[in-house]
Amino acid sequence: NAGVTQTPKFRILKIGQSMTLQCTQDMNHNYMYWYRQDPGMGLKLIYYSVGAGITDKGEVPNGYNVSRSTTEDFPLRLELAAPSQTSVYFCASSSRAPLHFGNGTRLTVT
Amino acid sequence: AQTVTQSQPEMSVQEAETVTLSCTYDTSESDYYLFWYKQPPSRQMILVIRQEAYKQQNATENRFSVNFQKAAKSFSLKISDSQLGDAAMYFCAYRSDRDDKIIFGKGTRLHILP
């Protein structure tokens with residue numbers, strides 16, 4: 001049972017490049033979330049989904065896009081990467097209760 | 001919109017002593033969940049304890065307990081018999097029962113002094 005899997009673990013992007021952070025879960029959870037964590041800070045909600053085909057904005061959605069075509073997958077797309085998007089990104093899933101987190105992706109934009 | 005506030009950026013406690021981390025939140029909802037998560041240097045997020053708002057009884061998990069004051073919108077975490085392995089960032093989190101949004105406070109870094 002893998003839980004929540006995020007890929008890649010590390011990535012360096014140049015300003016203006018695009019990329020997709022992958023997230024998949026094998027627990028059949030309806031709810032999935034994307035957070036970013038800046039150094040020494042808490043987690044900020046980017047986007048979340050309550051089920052396949054449904055997504056909603058969180059606290060800091062600008063510069064990101066998501067899709068939820070299946071229950072298992074919830075990819076996060078960065079378009080036109082900016083230095084302000086340098087952060088650690090966490091994907092998480094849940095049923096009705098606590099979150100199960102992936103191990104995070106450390107993204108640097110230079 | 002809901003907010004979660006952790007007013008203590010850092011705290012220190014002597015090993016084997018008791019420490020309390022503070023969390024307050026703002027919401028107009030009556031049904032919700034509250035959580036404390038631990039993040040050690042490994043960056044992994046670990047659930048410490050959870051509380052359903054409809055439950056008056058405070059949750060406990062071994063050395064960890066909460067003081068949930070619904071009217072005051074306060075949700076503090078008490079760690080008893082602190083151990084070196086408790087050193088970490090601790091985050092308070094709120095889950096809305098209306099839209100399932102989950103938001104976090106900024107965290108408290110806990111140091112354990114040997």
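Everything numeric in this text was worked out from a predicted model, so none of it was measured. Per chain, numbering begins at 1; letters A, B, ... match sequence-line order.
Identified by a heavy-atom distance below 4.5 Å to chain B, the contributing residues of residues 44-60 of chain A are A/Leu45, A/Tyr48, A/Val50, A/Lys57, A/Glu59, in residue-number order.
Surrounding CD of B/Gln57 are at most 12 heavy atoms belonging to other residues, nucleotides or ligands under 6.0 Å away. Applying the 6.0 Å contact sphere to CG of A/Asn65 captures more than 12 heavy atoms from other residues, nucleotides or ligands. Atom NZ of B/Lys70 has more than 12 heavy atoms from other residues, nucleotides or ligands within 6.0 Å. Sparse packing is recorded around NZ of B/Lys78, with 12 or fewer heavy atoms of other residues, nucleotides or ligands lying under 6.0 Å away. Residue A/Ile12 qualifies as open at atom CD1: its count of foreign heavy atoms under 6.0 Å is 12 or below.
Under a hydrophobic clustering in which Ile, Leu, Val, Met, Phe, Trp and Tyr are joined whenever their side-chain heavy atoms come within less than 4.5 Å, directly or via other members, B/Leu84 and B/Val13 fall into the same cluster. A continuous path of ILVMFWY side-chain contacts below 4.5 Å connects B/Tyr90 to B/Val4, so both sit in one hydrophobic cluster. Under a hydrophobic-cluster definition in which Ile, Leu, Val, Met, Phe, Trp and Tyr are linked whenever side-chain heavy atoms come within less than 4.5 Å, directly or via other members, B/Leu21 and B/Phe64 are assigned to the same cluster. By the criterion of side-chain heavy atoms lying less than 4.5 angstrom apart, applied directly or through intervening Ile, Leu, Val, Met, Phe, Trp or Tyr residues, A/Met32 is grouped together with A/Tyr64 in one hydrophobic cluster. Cluster membership for A/Ile15 and A/Met19, using ILVMFWY side-chain heavy atoms within less than 4.5 angstrom, is shared.
With rounding to the nearest 0.5 Å, the separation of OH in A/Tyr33 from CG in B/Asp100 is 5.0 Å. Rounding to the nearest 0.5 Å places OH of B/Tyr33 at 9.5 Å from OG of A/Ser94.
Considering all non-hydrogen atoms of both residues, A/Phe90 and B/Gln39 come closest at CZ-NE2, 3.6 Å. Nearest approach of A/Gly42 to B/Phe91, heavy atoms of both residues: CA-CE2, 3.4 Å.
For the pair A/Leu99 and B/Tyr37, the minimum side-chain heavy-atom distance is below 4.5 Å. Side-chain contact between B/Met45 and A/Tyr35: absent, with no pair of heavy atoms (C-beta onward) separated by less than 4.5 Å.
B/Leu47 touches chain A through its side chain: at least one heavy atom from C-beta onward sits under 4.5 Å away, while N, CA, C and O do not. With a threshold of 4.5 angstrom between heavy atoms, B/Gln6 does not approach chain A through any atom at all.
With chain A as partner, the option from B/Gln44, B/Arg95, B/Arg50 having the largest number of non-hydrogen pairs under 4.5 angstrom is B/Arg95.
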